[in-house]
Protein chains: 2
Amino acid sequence: MKTVAHPARRCPPIHLLPQGETGTRRFQNEEQITLPLVPSSQPEPLIKLRSHWLLGTLFAIALALMATAPALAATDDGKVTDFVLDNGMEVVVIPDHRAPIVTQMVWYKTGSADESPGKSGIAHLFERLMFKATTNLAAGELGRAVSAIGGSMNAFTSYDYTAFHETVAPWALEPMMSFEADRMFNLMLTDDDIKTERDVILEERRSRIDNNPQAVLDEEVDATLWQNQPYRIPVIGWMQEVEKLNWADAVAFYATYYRPNNAVLVVAGDVEPETVKALAEKTYGKVPRGPDLPPRVRPVEPEQNTRRTVTLSDARVSVPSFSTQWVVPSYHTAEPGEAEALDLLAEILGGGNRSRLYQQLVVKEGIATEAGAYFRGTMLDATRFTIYGSPRGDAKPADLEAAADAEVARIARDGVSSDELDKAKDRYVRSVSFARDEQPYMAYLYGSTLATGRNVKDVEEWPDRIRKVTADQVKAAAARYLVPDHSTTGYLFPKTEN
Amino acid sequence: MKTVAHPARRCPPIHLLPQGETGTRRFQNEEQITLPLVPSSQPEPLIKLRSHWLLGTLFAIALALMATAPALAATDDGKVTDFVLDNGMEVVVIPDHRAPIVTQMVWYKTGSADESPGKSGIAHLFERLMFKATTNLAAGELGRAVSAIGGSMNAFTSYDYTAFHETVAPWALEPMMSFEADRMFNLMLTDDDIKTERDVILEERRSRIDNNPQAVLDEEVDATLWQNQPYRIPVIGWMQEVEKLNWADAVAFYATYYRPNNAVLVVAGDVEPETVKALAEKTYGKVPRGPDLPPRVRPVEPEQNTRRTVTLSDARVSVPSFSTQWVVPSYHTAEPGEAEALDLLAEILGGGNRSRLYQQLVVKEGIATEAGAYFRGTMLDATRFTIYGSPRGDAKPADLEAAADAEVARIARDGVSSDELDKAKDRYVRSVSFARDEQPYMAYLYGSTLATGRNVKDVEEWPDRIRKVTADQVKAAAARYLVPDHSTTGYLFPKTEN
């Protein structure tokens, strides 16, 4: 899938795990979940799509609607509407009439950091299981149908959320909403489904993580940086725990988290809020509310008092690199203005070619091929601030690291100039504004914000809040959080002779 | 309390947290637990000790019994008997008639590694709460009564277990068993009890951990060595989690874990198995069995692929030191013979003044004031193997560490001689035999073994199993587990100018 990452940062991928859907219809057996979507007195399932209907009828509707669709007024573009369905599902609509296309994202407020001890990987496994058969649709049919009408769909899992999305022509929004509502409640899972997808993930782990020294290092750096908070656990799960995930784990996870009162629907594109509201009530509105979930209170990270390092030396590594990270507050946990200051600190220190790290290490000293910084602010709990670099030619990694540390120390000691801060604000707000111009990014921005404890107003006020950050706040953030003796550094080295 | 540590090792203390009991009787209120020990149709509580009875009557019995107690035959000394009460409580009796004294230990198979996420410290807090009032006895009365008859008592909490023990004259065993049976079921806790003990622990944390650089370092080394297994969490708990422990947490912990079917009684001393059995049935036997506990399956540690370091520089440190640890199997998780080989490896490498590390670093090179190794085998899950040292005079910590690593590498490469191995076996088995001569140590040995998934036979066969270890097994253990690139080293340094 296309990774919807923060546009202004050279970030490592934020664990948007790609999702392919395959498989054939499986026959029911006694191990299947059969959750009736409607009370048993009502014999018909909510969503009456059948596969034969799907592949034929969607095309017929498509042809009819495409020919007759009126050109809608674009006056409400960008005016965001949000409301809550009776069953607790939040809905955000972002009209954008510049093109006849619409993106639906369904966000579940559950990710790897919500998993039970010993069950790492269940959130990601479940993302894959959501492409299995429902009481209405065989496994794989949804994907084929979306492809057939020229749409796209995918899903991803992260620490704090799991999301499913489709981009289609506006006439196809209703069936897409029916599909998502259907699998929110009507999923039928067999023991074979779990085994198949678990094996796929184990193979994915072997190839993407275990065969990749950088990924192996990243996992152990994460678990060293986070000693109590669950972000220490990889989204894909620890091998030995994924191997043991089973049907009962999956069913329990579905029953607990895949409920409308734990979900956010974001629709961005060529639609009107009233239309979305009517369709949402007609589809998602029929899914019964689940039991209230307890507050998302997770183990908190204790204060860090040490400097930690994690070193991986591997024959497959040709160019060494380092990254140093600190525990810092996220937008959700920060005092007002603090996360915004960290965002600008990252921009000034390492956000692209004009940043201090790039200018000093790559351009002036010529000791690095790359150097930068990023802050991952959209998280439910405390998050990380990272600087990184890779040496050029014969430069020693230690020299590079020392030079980077010196840049950090300089900001903590001397602060930033108002001119530098203003330019950073301009660059940063502009880059995000450009990104906002993309419909899927808008949906991503609202969805990830709402799934990590904040609201629509936070998204809308964000540029103003960035504008208000002072140079003192940036300096204070660096001095308070980027303390060398309380950092965690990962080193990737070519394997040398022992 | 007296620390019952492994006698053959210079170990760091194994988190035997001392327990002082204080407090006055608290009046019942609606928040108290009032668990009737007997069905409500039976109006009398099991244990009829009342404080007025206690202080007077114990003395009277004492005088009567001490005058008339027959000198029992010593023929059954060391012959261990074990049985299970109808309610699931395991009992081990170790007769030892050399002196008119008896040690009772009650082991609960729950420790800090069994705590729920975010509830660190509840096991240790609960140990303290066990000295509060019961339906039969005011808080503090038990301690005063034991002192009054010249006995001693205490308790400790570790990762895998929590234990309570008394050493008294044989005639006082029955009331001691009544006491322990009483607080296994009749504890009454008020909200004030929790607040008081929580505050005591917070103060203990501040003084013992946060004011002690070595302890602060140890905590972060533990959490770096263990990235998934719960041994990464300190037994005393993380400050920010202990602060939030409450009455409901305590009650839930008591209800879940403080049950006869989750406990082991060990009685060592001047008693007969039949007597202990009769008394146990009369006291503990009346405590109803709790619901079956799920198997103690905890999150497993993923494979370590990196070399990790944790450094604390602090102005209060005068002499630097280092310790390197590796994840290794425990007696409970190891293949046959493997844990025994690790025990001997620790003995040869760093078990006292004749060990390789001591001889090489302290005696020959003169670069260390101390150097050694230990293996902590009696654990439920995978455990640690540690080497440590502290430089002498101007010796550099890095040189010391390199010399220690070289000794480890030498064993992994060249193995150990059969003479060296035989001497190590002699020293090791003898040192444990000496320790076995102490009654409390015997009780500790059986209790800790049974509380970590093994049995009486394992304790009895242990010297033979040590005798059977081959030099190849010792070499293989070093080569397999003590890999420099997969280690975790903690450094304590004096704070230098920045």
Side-chain angles (χ1 to χ4, degrees), chain A residues 113-120 209-210 213 215-230 232-234 237-244 297-314 409 483-493 495 498, chain B residues 113-120 209-210 213 215-230 232-234 237-244 297-314 409 483-493 495 498:
Chain A
D114 299 302
E115 295 164 338
S116 303
K119 300 293 179 188
S120 66
I209 311 280
D210 302 336
V216 169
L217 175 64
D218 287 347
E219 279 196 348
E220 298 194 23
V221 166
D222 288 352
T224 301
L225 176 70
W226 302 111
Q227 304 208 316
N228 200 40
Q229 204 171 285
R232 68 193 161 74
I233 299 169
W238 295 117
M239 180 70 91
Q240 79 279 7
E241 295 185 356
V242 175
E243 282 169 350
K244 290 185 182 153
V297 177
R298 300 176 183 146
V300 170
E301 192 61 17
E303 189 189 354
Q304 179 166 350
N305 299 287
T306 57
R307 171 167 149 69
R308 306 174 192 150
T309 72
V310 182
T311 305
L312 182 67
S313 303
D314 192 290
V483 177
D485 279 355
H486 304 164
S487 64
T488 301
T489 302
Y491 298 101
L492 193 64
F493 288 131
K495 182 87 169 177
N498 280 325
Chain B
D114 298 302
E115 295 164 337
S116 302
K119 301 292 180 189
S120 66
I209 312 281
D210 302 335
V216 169
L217 176 64
D218 287 347
E219 279 196 348
E220 299 194 22
V221 166
D222 287 353
T224 301
L225 176 69
W226 302 110
Q227 304 207 315
N228 199 40
Q229 205 171 285
R232 69 194 159 74
I233 298 169
W238 297 116
M239 180 70 92
Q240 79 279 7
E241 295 185 356
V242 175
E243 283 169 348
K244 291 185 183 154
V297 178
R298 300 177 184 144
V300 169
E301 191 61 18
E303 190 189 353
Q304 179 167 349
N305 299 286
T306 57
R307 172 167 148 68
R308 305 173 193 152
T309 72
V310 183
T311 305
L312 182 67
S313 304
D314 192 290
V483 177
D485 278 355
H486 304 165
S487 65
T488 301
T489 302
Y491 298 102
L492 193 63
F493 288 131
K495 181 86 170 178
N498 279 327

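Just so we're on the same page: letters track the sequence lines, and every chain starts at 1.
Most heavy-atom pairs under 4.5 Å with chain B, from the set A/Gly490, A/Pro213, A/Pro302: that is A/Pro302. Contacts with chain B were tallied for A/Met239, A/Lys119, A/Arg298, A/Gln304; A/Gln304 has the most, counting heavy-atom pairs under 4.5 Å. With chain A as the partner, the residue from B/Val310, B/Asn228, B/Val300, B/Leu312 showing the most heavy-atom pairs under 4.5 Å is B/Asn228.
At a 4.5 Å heavy-atom cutoff, the contact between B/Arg232 and chain A is made by side-chain atoms alone. Using a 4.5 Å cut-off between heavy atoms, B/Glu303 touches chain A through its backbone atoms (N, CA, C, O) alone. Interface remark: B/Glu220 contributes backbone and side-chain atoms alike to the contact with chain A (heavy atom separation under 4.5 Å). In this structure, chain A has a heavy atom under 4.5 Å from the side chain of B/Val216, while its backbone stays farther away.
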Just do the side chain to side chain contact (heavy atoms under 4.5 Å, CB included) check on B/Lys495 and A/Asp485 with the steps written out, would you? CA-CA 11 Å; B/Lys495 181 86 170 178; A/Asp485 279 355; 3.1 Å; yes
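Residues satisfying the side-chain hydrogen bond (donor to acceptor under 3.5 Å, both in side chains) test with A/Glu115, not counting sequence neighbours, are none. Every residue was checked against the salt bridge (charged side-chain N to carboxylate O under 4.0 Å, His left out) condition with B/Glu301, not counting sequence neighbours, and none meets it.
The two atoms that bring B/Gly118 and A/Pro299 nearest to each other are N-CG, 3.6 Å, heavy atoms only.
B/Glu219 and A/Asn305 share no side-chain donor-acceptor pair at under 3.5 Å. For the 3.5 Å distance criterion, the side chains of B/Thr309 and A/Thr309 qualify, holding a donor opposite an acceptor.
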